[in-house]
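See structure below.
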Amino acid sequence: MDVKIGLIGKGNVGSCFLELLKKKENYLHKEYNLRIIVIAIYEYDGALINEKGLDLDKIISLKERFREHKDWKDNIKPIDSMQKINLDLCIDTTPTNPDTGKPALNHIIDALNNHIDVISSSKGPFYLKYKEIHELAKKTKTYIKYEATVASCVPILSIKDSLNGNEITSIKAILNGTSNYILSRMTSEGVAFSVALKEAQELGYAEADPTLDIEGYDAAGKLVILANELLNWSKTISDVKIKGISKITPHTIELAKLEGFTIKHLAIAEKDILFVEPRLIEKDSPLNIGGTLNVIKLQTKYAGPIIIMGRGAGGYEAASAILNDLISIQKLRKRSIE
Amino acid sequence: MINLEVRIPDTPGCLIELIKPISNNGGNIFGILHHHDKKINNMIPVNISFELNAKLRERKLENIKDELRKSKIQIDKIKIGIEQHHFVVILTGHVFDTDVVDTIKRLASKKIKVSELQAKLTEISEVSDVKLKIDLPESITKEEMIDELDKICEEKDLTLIRS
Ligand SMILES: NC(=O)c1ccc[n+]([C@@H]2O[C@H](COP(=O)([O-])OP(=O)(O)OC[C@H]3O[C@@H](n4cnc5c(N)ncnc54)[C@H](OP(=O)(O)O)[C@@H]3O)[C@@H](O)[C@H]2O)c1
């Protein structure tokens, strides 16, 4: 089966996805009888378009100079082009404004309205307009998947399908690698918050403006998606009680240690309340993970806790989640046709 | 803590009859006091204190009373003490400048007792970190304690870190 796709955003995740697609070309064909044809790659200022299929090898080799490719056209917007070229699936990997969800939100709405299935790695649209997006997808009979939005490659949204016979009652998680790295360094080295932050920035784990990570907004967005998806809640980010970690000092951590605790920036969904805040946890708790890792503990009704951990960021990590979503959607499409 | 005042015959083996039902029901015995000086009609008053699992306390206590009655041990009085829960929280910010005594008093007025305080200070003008050990009677839930602490912390611009 041929699937014509359009990618919006050729940044880190978008480029890794194209590379992964090339690497997995034979596998996708052999295992799922899928031929993925990338016919459009949109950027904010134009697009690469070839309705017969873009030459991915060439585009990948051009790296940041992809606008030099013969298929590049200036000033093309996804909204104007996506229906004309008859896309089956649209993959959005653009950044989002945390207050409005744009531009990713617009891309998602435009694609769904045009009856095009969507995969997105941008979380903003889902922590702001989760319900509306799902209602639109239902109305337009399209599929929407967004595994990469929470903990990147860690399959925490799709785990729901494996727990249909159980019931998830609450969630405790570490969903931001930057704040976890900072707290881990403060704990192991006894350094001040500002020192650990600077180190994280030097290593590329923290942005030049780390506010969204250290003040808990990024984790709160992911928590909303988790709670809506796994607990069937209907929340937005404004429902989360958010506290950051910037006021934690080495002394705070020392006092916690004296009682056998450590401090972690936890994202918690329980009893209809959502929190992101620094919490004391037992030193030997499975949530006490170091570095930039993410961990999610699901409390279940019939099987106690289930814990899943892994790398919560990275281009290839997110790309692998997107590719998995793509395969899932094609399986659903196939089933709906049969 | 539960305290039983009973009377047992002053004959060997009778004390075992008192202890058995308590330990059979998971009781953790803290102390036994014999009042030999108050012996009347060969019966000695005994005071025994123990703790039971909070969740099963009522049911277990009924079992103990039944078993004691069967062994012909007379119960004179049962005193059930208030169960305490212990919590650790850390406050960071200007904990002293914002009157830590007032903080403790306000908690106490809601039956939330601070039993221990440990502080780490840098400069007098800088923020400090204070660890509080809190005893909570059974009548107050952890959520109610957190609500109270949250209120105070918001008012005094302190950060609360809890388990
Ligand atoms: N990187 C990760 O580890 C990771 C993991 C999971 C999820 N995500 C999410 O995935 C998304 C992409 O992340 P990334 O790391 O790939 O970011 P990135 O490197 O900044 O890539 C985003 C790309 O989108 C382009 N873009 C911006 N506005 C656009 C518009 N209106 N139309 C089309 N393209 C537009 C950007 O162009 P310019 O740069 O030229 O502006 C850039 O090429 C983000 O929402 C991120 O939160 C990232």
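All values below were derived from every heavy atom in this structure, side-chain atoms included, with hydrogens, water molecules and symmetry-related copies excluded.
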To the closest 0.5 Å, what do you measure between OG1 (A/T236) and CD (A/E132)?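 It comes to 9.0 Å.
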As an exercise, state the distance from CD1 of A/I308 to CD1 of A/I296, rounded to the nearest 0.5 Å.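 With rounding to 0.5 Å, CD1 (A/I308) is 6.5 Å from CD1 (A/I296).
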Within 45° of the six-membered ring axis of B/F50 and under 6.0 Å from that ring's centre, is NZ or CZ of B/R57 located there? no
Minimum heavy-atom distance A/V295-A/P286, with the two atoms named: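 Closest approach of A/V295 to A/P286, heavy atoms only: CG2-O, 4.1 Å.
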Please find the pair of heavy atoms, one from B/I64 and one from B/P21, that lie closest to each other, and give the distance.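 Closest pair (atom of B/I64, atom of B/P21, distance): CG1-O, 3.6 Å.
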Restricting to pairs with a member in residues 122-131 of chain B, which pass side chain to side chain donor-acceptor pair (under 3.5 Å), not counting sequence neighbours? A/T249-B/D129, A/T252-B/D129, A/E259-B/K131, B/Q118-B/K131
Of the backbone (N, CA, C, O) and the side chain (C-beta and beyond), which part of [X] lies under 4.5 Å from a heavy atom of chain B, both, or neither?
X: A/I281; answer: neither
X: A/E254; answer: side chain
X: A/L266; answer: neither
X: A/K247; answer: both

Kindly check if the number of other-residue, nucleotide or ligand heavy atoms within 6.0 Å of CG (A/L203) is above 12? yes
Do the ring planes of B/H36 and B/H34 sit parallel (below 30°), tilted (30 to 60°) or perpendicular (above 60°)? parallel
Within residues 101-112 of chain B, which positions have a heavy-atom distance to chain A below 4.5 Å?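 So far as heavy atoms go, nothing in residues 101-112 of chain B approaches chain A to under 4.5 Å.
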Top of B/V89, B/L121, B/V127 for chain A proximity - count of heavy-atom pairs under 4.5 angstrom: B/L121
